[in-house]
Amino acid sequence: MKQPDLPDTALVAQSLSLFRQRAPLIHCMTNDVVQSFTANVLLALHASPAMVIDADEAAQFSAIADALLINVGTLTSTRAKAMQAAVESASASATPWTLDPVAVGALDMRSAFCQRLLTLKPAAIRGNASEILALSLQQVGGRGVDTQHQAEEALAAAQHLAQRCQSIIVITGEVDYVTDGERTFAVHGGSPLMTRVVGTGCALSAVVAGFAALPGDRLQHVASACCVMACAGSQAASEAHGPGSFIPAFLDALWNLNEEKLK
């Protein structure tokens, strides 16, 4: 297997600059636990978050948004119908959408639902190694949001899934891997503190959704989204005294991020 490439800092800075210039409107159908944090992360990056969850409104709104995020963390039957309507509307209007398959493989309803959504061709999918393995291989098992695998263990499955769905796949872990099935990037950085607060992974999915909507090289843009979050996490951890002080430091790091700090 070809060794993954490292993202070019200058290209990451270009993607971040383009993201800020465009200030994308990102429709986040995400889980109840992380809505506020996700919105704050997007606002810190100059994007515009919106959380529209009614089925009729969600379908209408996804057609006018720049990007759509589907996060199944707190999935219900009613919410699944709204998400399905939003994805179908997004597909019809060429709005790129991103899937966060939280706990896929561990629970039946969300596993079947996400498999159905895959037929509607997400622009990107972001999950941990166990979620990506379950989604790609249609396996069952796992411990919900906790991964039982290292990111590199899921790389071959991610590449297969990327080719099958024509999507960009992000596997998050100590090292993040971003692949379109042919090219692969490895993104280093971040901090263990990012796993000690609620919502950094879900917020990354929202950032990935926004970057995936940028014009140009989608793989490069999505890898840049991971670099941005990892870099901000590293910087915040160097200033924080624990999880409580990490969150404001993380938002400030996103706000102040530039090419020099990315280096």
Side-chain angles (χ1 to χ4, degrees), residues 26-31 52-142 145 154-172 177-184 201-202 204-206 208-213 218-219 221-222:
I26 303 172
H27 181 189
C28 300
M29 300 187 75
T30 192
N31 72 71
V52 180
I53 59 172
D54 176 80
D56 292 335
E57 287 193 338
Q60 182 182 3
F61 192 76
S62 65
I64 62 175
D66 295 304
L68 168 66
L69 167 67
I70 299 294
N71 175 310
V72 300
T74 51
L75 190 67
T76 64
S77 297
T78 300
R79 186 165 291 186
K81 292 177 183 176
M83 289 177 169
Q84 178 98 25
V87 170
E88 289 174 353
S89 177
S91 297
S93 60
T95 301
W97 67 280
T98 291
L99 175 64
D100 187 336
V102 180
V104 159
L107 296 166
D108 292 342
M109 183 177 76
R110 69 190 58 217
S111 298
F113 177 63
C114 287
Q115 289 295 336
R116 291 200 305 272
L117 288 186
L118 291 184
T119 64
L120 294 169
K121 305 296 184 185
I125 301 169
R126 199 290 311 174
N128 65 37
S130 293
E131 290 162 349
I132 296 302
L133 281 165
L135 202 62
S136 177
L137 305 176
Q138 300 184 37
Q139 293 175 332
V140 295
V145 297
L155 185 52
Q159 291 167 333
H160 178 267
L161 184 62
Q163 293 176 330
R164 171 181 145 204
C165 298
Q166 299 179 322
S167 303
I168 307 299
I169 311 299
V170 178
I171 320 165
T172 49
Y177 292 97
V178 186
T179 184
D180 63 1
E182 297 292 337
R183 298 179 294 158
T184 302
C202 296
L204 171 59
S205 295
V208 164
F211 273 74
R218 179 169 284 165
L219 179 67
H221 290 319
V222 172

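Not measured: the values here are computed from a predicted model.
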> Hey, are the side chains of C114 and L99 touching, using non-hydrogen atoms and a 4.5 Å cut-off?
Replying inline: yes

>> Let's go through L161 and S167 carefully: what are the C-alpha distance in whole Å and the side-chain angles of both, what is the deciding distance for side chain to side chain contact (heavy atoms under 4.5 Å, CB included) to 0.1 Å, and is it a yes or a no?
In response: CA-CA 8 Å; L161 184 62; S167 303; over 6 Å; no

> Side chains of Y177 and V170: closer than 4.5 Å at any heavy-atom pair?
Replying inline: no

> How far apart are the closest heavy atoms of L68 and A209, and which atoms are they?
Replying inline: O-CB, 4.1 Å

>> When you compare the side chain of I169 with that of V178, does any pair of heavy atoms fall below 4.5 Å?
In response: no

>> Between W97 (side chain only) and A86 (backbone N and O only), is there a donor and an acceptor less than 3.5 Å apart?
In response: no

>> More than 12 heavy atoms of other residues, nucleotides or ligands under 6.0 Å from NZ of K81: yes or no?
In response: no

>> Set out, in order, the CA-CA distance, both residues' side-chain angles and the distance that settles side chain to side chain contact (heavy atoms under 4.5 Å, CB included) for S136 and Q159, then state yes or no.
In response: CA-CA 9 Å; S136 177; Q159 291 167 333; over 6 Å; no

> side chain to side chain donor-acceptor pair (under 3.5 Å) with D180: which residues, sequence neighbours excluded?
Replying inline: none

>> Would S89 and Q60 count as a side chain to side chain donor-acceptor pair (under 3.5 Å) here? Give the steps.
In response: CA-CA 7 Å; S89 177; Q60 182 182 3; over 6 Å; no

> For the side chain of T184 and the backbone of T179, is there at least one donor-acceptor N/O pair under 3.5 Å apart?
Replying inline: no

> L155 versus I171: any side-chain heavy-atom pair under 4.5 Å?
Replying inline: yes

> Does the side chain of N71 come within less than 4.5 Å of V102's, by heavy atoms?
Replying inline: yes

> L117 versus P122: any side-chain heavy-atom pair under 4.5 Å?
Replying inline: no

> Could you state the interatomic distance from CZ (F113) to CG (D108), rounded to the nearest 0.5 Å?
Replying inline: 15.0 Å

> Side chains of D100 and S205: do they bring a donor and an acceptor to under 3.5 Å?
Replying inline: yes

>> If the condition is side-chain contact (heavy atoms from CB on, under 4.5 Å), which residues does S93 pass it with, not counting sequence neighbours?
In response: A63, T95

> How close do A58 and A82 get, heavy atom to heavy atom, and via which atoms?
Replying inline: CB-O, 4.2 Å

>> Restricting to non-hydrogen atoms, name the atom on S130 and the atom on N128 that form the minimum distance, rounded to 0.1 Å.
In response: N-OD1, 3.1 Å

> If you look at every heavy atom in M83 and L75, which pair is closest and at what distance?
Replying inline: SD-CD1, 3.8 Å

>> Do M29 and L69 make a side-chain contact, defined as non-hydrogen atoms from C-beta onward lying under 4.5 Å apart?
In response: no

> Minimum heavy-atom separation for A55 to A85, with atom names?
Replying inline: O-CB, 4.1 Å

> Between the side chains of T98 and R126, does any donor sit under 3.5 Å from an acceptor?
Replying inline: no

> After noting the C-alpha distance and the side-chain angles of T74 and R79, does the key distance pass the side chain to side chain contact (heavy atoms under 4.5 Å, CB included) rule?
Replying inline: CA-CA 9 Å; T74 51; R79 186 165 291 186; 3.1 Å; yes

> Considering residues at least two apart in sequence or located in another chain, which fulfil the side chain to side chain donor-acceptor pair (under 3.5 Å) criterion with E88?
Replying inline: Q84

>> Looking at S62 and A59, would you say the former's side chain and the latter's main chain have a donor-acceptor pair under 3.5 Å?
In response: yes

> Which value, rounded to the nearest 0.5 Å, describes the distance between I132 atom CD1 and H160 atom NE2?
Replying inline: 13.5 Å

> Are L118 and L120 side-chain neighbours, meaning at least one heavy-atom pair lies under 4.5 Å?
Replying inline: no

> Do the side chain of H27 and the main chain of V52 share a donor and acceptor less than 3.5 angstrom apart?
Replying inline: yes

>> Whether the side chain of E131 engages the backbone of V104 through a donor-acceptor N/O pair (distance < 3.5 Å, no angle test) should be reported.
In response: no

>> Using side chain to side chain contact (heavy atoms under 4.5 Å, CB included), reason through T172 and L204 one step at a time and then give a plain yes or no.
In response: CA-CA 10 Å; T172 49; L204 171 59; 3.4 Å; yes

> Can you check whether L135's main-chain N or O pairs, donor with acceptor, with Q115's side chain at less than 3.5 Å?
Replying inline: yes

>> Would the distance check show the side chain of Q163 and the main-chain N or O of G181 forming a donor-acceptor pair, the cut-off being under 3.5 Å?
In response: yes

>> Restricting to non-hydrogen atoms, name the atom on R164 and the atom on K121 that form the minimum distance, rounded to 0.1 Å.
In response: O-NZ, 3.3 Å

